[in-house]
Amino acid sequence: MDALETIALVAAGAGAGAVNAVAGGGSLVSFPALLAVGYAPVTANVSNQVGLVPGYLGGSLGYREELGGQRRRARELGVTVGLGAAAGTALLLLAPADSFRAIVPYLVLAACALLALQPQLTRAAGRHHKPHPGLPLHAGTFVAGVYGGYFGGALGIVLLALLGALLDDELQRLNALKGLLSLVAGMVGAVGFAIFGPVAWGAAALVASGALLGGHLGVGLARRLRPDVLRWAIVIYGVSAAIILLV
């Protein structure tokens with residue numbers, strides 16, 4: 001890996017960490033960057049997921065105030081999303097690599113669509129609060145965890161839409177909870193990939209170094225930034241990457 005590729009992966013990690021804190025969808029920044037420097041899709045995916053864990057940690061540390069008073073539901077939903085992530089990680093590791101290679105452009109496009117529709121999803125979720133969501137919340141969180149363990153692109157968007165639909169709370173507090181659940185899913189996946197997966201540790205470390213700083217700084221942006229321009233720039237970037245993969 002030359003100096004330019006090293007800088008590119010650190011920058012991609014920082015951008016992904018910040019985007020995950022602001023809106024979710026940071027994998028759409030770092031995953032294509034790993035593909036661009038030559039890693040195979042499965043290796044790029046597992047290395048990306050391992051590398052982004054510090055970014056989720058940085059975001060959660062920055063959101064300590066908003067996480068106050070959410071310990072019980074964070075603990076309960078953390079168990080649920082962790083179980084889902086374990087299932088998704090096993091699915092990725094046990095399925096043939098060719099199947100992931102074939103589906104990954106469509107996963108990227110689906111993640112881009114979720115990112116593009118994020119404002120509408122958030123508004124729709126806000127109109128349907130339920131004070132006692134119970135089973136639907138845990139079922140949805142488990143499915144989101146499976147997706148996060150398998151691919152993870154736009155996991156934060158999926159979780160934020162789910163939490164907004166089923167929990168009656170302020171958006172910043174739900175965003176903080178979303179980040180913590182993403183951290184749990186990422187840690188579970190990282191452990192599985194570290195033991196059984198083809199992690200490119202050098203690349204993962206570069207992404208991680210950028211993601212840790214980007215995740216912490218991204219919380220400040222999330223509190224005051226209008227993310228429209230950022231969101232659409234990432235959508236265009238992600239769609240371009242998906243088209244290249246399809247071609």
Side-chain angles (χ1 to χ4, degrees), residues 1-20 24-56 58 85 88-115 147-156 182 185-187 189-215 230 233-247:
M1 189 179 301
D2 60 28
L4 183 60
E5 291 173 339
T6 298
I7 294 171
L9 289 184
V10 173
V19 168
N20 279 334
S27 288
L28 296 177
V29 177
S30 50
F31 176 65
L34 286 161
L35 293 175
V37 300
Y39 289 102
V42 172
T43 300
N45 182 39
V46 300
S47 302
N48 182 56
Q49 294 203 51
V50 171
L52 289 183
V53 169
Y56 293 129
T89 300
L91 179 63
L92 176 65
L93 294 174
L94 294 175
D98 286 345
S99 64
F100 181 79
R101 187 178 298 111
I103 198 174
V104 70
Y106 304 101
L107 290 173
V108 172
L109 287 173
C112 289
L114 287 171
L115 186 58
Y147 170 76
Y150 185 78
F151 177 56
L155 172 62
S182 297
M187 290 177 65
V191 170
F193 297 141
I195 298 173
F196 302 109
V199 179
W201 287 105
L206 293 173
V207 171
S209 64
L212 180 60
L213 178 62
L230 175 65
I234 296 167
V235 168
I236 293 170
Y237 174 73
V239 170
S240 300
I243 291 172
I244 291 170
L245 290 171
L246 285 169
V247 172

Side chains of L109 and L246: does their closest heavy-atom pair fall under 4.5 Å? yes
Look up atom CG in L52 and atom CZ in F31, then write down how far apart they are to the nearest 0.5 Å. 11.5 Å
Using every non-hydrogen atom in the two residues, find where T89 and G189 come nearest and quote the distance to one decimal. OG1-CA, 3.4 Å
When every non-hydrogen atom of G192 is compared with those of L93, the smallest separation belongs to O-CD1, 3.9 Å
Can you give the donor-acceptor pairs under 3.5 Å from side chains of residues 43-50 to other protein atoms, not counting sequence neighbours?
residue : atom : partner : partner atom : Å
N45     : OD1  : Q49     : NE2          : 3.4
N45     : ND2  : Y150    : O            : 2.9
S47     : OG   : T43     : O            : 2.7
S47     : OG   : A200    : N            : 2.9
N48     : OD1  : S30     : OG           : 2.4
N48     : ND2  : S27     : OG           : 3.3
Q49     : NE2  : F151    : O            : 3.1

Heavy-atom pair of closest approach, residues A242 and V108: CB-CG1, 3.9 Å
Can you name the closest pair of heavy atoms from G51 and A211 and give their distance? O-CB, 3.8 Å
Ignoring hydrogens, what is the shortest heavy-atom contact between A194 and V199? Give both atom names and the distance. N-CG2, 4.3 Å
My understanding is that only residues two or more places apart in sequence, or in another chain, count here; which of them pass side-chain contact (heavy atoms from CB on, under 4.5 Å) with S99? A95, P96
Among residues at least two apart in sequence or on other chains, which ones pass salt bridge (charged side-chain N to carboxylate O under 4.0 Å, His left out) with D98? R101
What are the two closest non-hydrogen atoms of L34 and A203, and how far apart are they? CD2-CB, 3.7 Å
